[in-house]
S.K.: 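Provided herewith is a single structure, encoded as structure tokens, for subsequent inquiry.
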Amino acid sequence: MSRIGSWLAPALGASVVAGLFTFAWYAAQAAEHARLQAASARRLAGLRQERIDELERRLAGEVSQQERVRELVSQRVAAEERARQEQEQRLLAATQPLPEGLRLALEAVHDVLRRSGHAGLRFLSVRAIAEKEMRGVDLFELPDAASGAATLWRAERVDFLLDRTTNSLTIRLREGSVVRGGVAADLPDDGEAIVLLAVDGPMAEERLPFLVVASGEYARPEPAAQPQAKLDPFTAQSWRDRLNRLLSSATTPLRYRITEIEGLQDARFHGVLLLGQAEGKRLDQVAEVDRLAVVVDDAAGTVELELVGGVFHRAGGDTVLPEREPGQRILLPGLTPQAAARTLTGMVLRR
């Protein structure tokens with residue numbers, strides 16, 4: 001080998017080794033770059049999928065929300081349509097005469113309310129009566145004296161609950177609405193109750209057997225005094241107290257009071273001294289009455305004093321009372337036949 005060849009051989013070997021190292025480095029860099037690109041591609045693909053999933057969830061939510069809105073709108077439209085149809089049915093029913101059975105039933109209800117002192121309540125219409133309930137009812141109450149506001153109930157179901165113990169009648173209205181003083185509201189879930197006091201329970205049960213559901217027992221009346229021509233002082237005082245308690249509840253121009261009773265027979269008090277006092281307790285009238293009775297008219301809802309025989313003393317002169325019935329009558333406003341009968345334990349005359 002020449003001197004040049006011996007020098008070139010090592011140099012070429014070193015160059016080849018350097019080239020191999022350089023190639024390996026570039027190959028490693030290319031592999032790392034490819035790995036990073038693959039990882040980046042996977043990451044971008046994952047982000048794109050997450051974005052797609054998010055968009056799909058949002059779209060599904062919006063579709064579900066639109067479906068709920070459409071369902072609510074459909075329900076509202078259906079409810080308004082039902083209300084419109086019900087209103088048309090009520091208006092149509094109001095323009096047509098009631099069937100004879102319902103008409104007679106309403107007359108009986110109004111008669112019981114009137115006799116019990118609640119004539120301000122009026123059932124304007126009723127669709128049916130079934131299972132001791134009124135169905136499809138319009139109930140009107142006249143304006144209150146204090147507020148001047150009227151009330152209108154519209155209820156799908158109405159029942160009548162009588163408490164014999166307290167002589168109270170509860171009219172419960174369910175499933176409907178009420179307009180009170182111009183303000184409308186839905187009835188509570190358990191309904192709204194109208195409680196009527198001092199109701200003639202036996203009459204309500206007799207007239208409304210198809211509606212009234214009664215509970216409890218009626219209070220036993222005090223034993224009525226046996227008819228007799230002459231009363232002992234204790235019994236006479238007891239009857240004077242009862243009669244005066246009744247008269248004090250009447251809204252007559254004069255305040256009447258009984259000071260003497262001699263006897264009692266057939267619900268007629270004998271030998272009665274009746275005083276009539278004006279304002280300021282000035283004595284205005286004195287009646288010496290042979291026979292006095294309390295007369296009630298259930299149909300008219302009135303209570304009267306019947307004076308038969310005797311003399312009426314007034315400032316303008318004396319008046320002889322008729323000897324035969326009906327004698328002379330004094331109307332006692334503010335009293336009901338039921339209250340009179342209770343106070344006198346049934347010792348009344350019925351017209």
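The basis for the numbers below is simple: all heavy atoms, side chains too, and nothing from hydrogens, waters or symmetry mates.
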S.K.: Tell me, do Met347 and Arg242 make a side-chain contact under 4.5 Å, heavy atoms counted?
M.R.: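 The answer is no; the side chains never approach within 4.5 Å.
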
S.K.: So do the side chains of Arg57 and Asp53 get within less than 4.5 Å of each other, counting heavy atoms only?
M.R.: yes

S.K.: Please check if any side-chain donor atom of Gln237 sits under 3.5 Å from a side-chain acceptor atom of Arg240, or the reverse.
M.R.: yes

S.K.: Would a 4.5 Å heavy-atom cut-off, applied to side chains only, mark Arg157 and Asp159 as touching?
M.R.: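 The answer is no, as the side chains (C-beta and beyond) never meet within the 4.5 Å cut-off.
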
S.K.: Quick one: side chains of residues 183-192, donor-acceptor pairs under 3.5 Å with protein atoms, not counting sequence neighbours, listed by atom name and distance.
M.R.:
| unit_1 | atom_1 | unit_2 | atom_2 | d |
| --- | --- | --- | --- | --- |
| Glu192 | OE2 | Trp153 | NE1 | 2.9 |
| Glu192 | OE2 | Arg180 | NH2 | 2.4 |

S.K.: Count I, L, V, M, F, W, Y as connected when their side-chain heavy atoms are under 4.5 Å apart, and connections chain through other members. Are Ile194 and Phe123 then in the same cluster?
M.R.: yes

S.K.: What side-chain donor-acceptor pairs closer than 3.5 Å can you find for residues 332-342, not counting sequence neighbours?
M.R.:
| unit_1 | atom_1 | unit_2 | atom_2 | d |
| --- | --- | --- | --- | --- |
| Thr336 | OG1 | Ala339 | N | 3.1 |
| Gln338 | NE2 | Arg115 | O | 3.4 |

S.K.: Would you mind reporting whether Arg291 and Asp266 have side-chain heavy atoms less than 4.5 Å apart?
M.R.: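 The answer is no; the side chains never approach within 4.5 Å.
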
S.K.: Mind checking whether Ile330 and Val295 sit in one hydrophobic cluster, side chains of I, L, V, M, F, W, Y counted as touching below 4.5 Å?
M.R.: no

S.K.: Side chains of Leu243 and Val294: closer than 4.5 Å at any heavy-atom pair?
M.R.: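 Yes, at least one pair of side-chain atoms sits under 4.5 Å.
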
S.K.: Considering only heavy atoms from C-beta outward, does the side chain of Leu247 approach that of Ile258 to under 4.5 Å?
M.R.: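 Result yes, sub-4.5 Å side-chain heavy-atom pair found.
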
S.K.: Can you see which heavy atom on Tyr218 is nearest to which on Gly201, and at what distance?
M.R.: OH-C, 3.0 Å

S.K.: Do Glu323 and Asp290 have side chains that approach each other closer than 4.5 Å (heavy atoms only, starting at C-beta)?
M.R.: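 A side-chain contact exists here, since the closest heavy-atom pair is under 4.5 Å.
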
S.K.: Cut-off 3.5 Å, side chains only: do His33 and Gln29 have a donor facing an acceptor?
M.R.: no

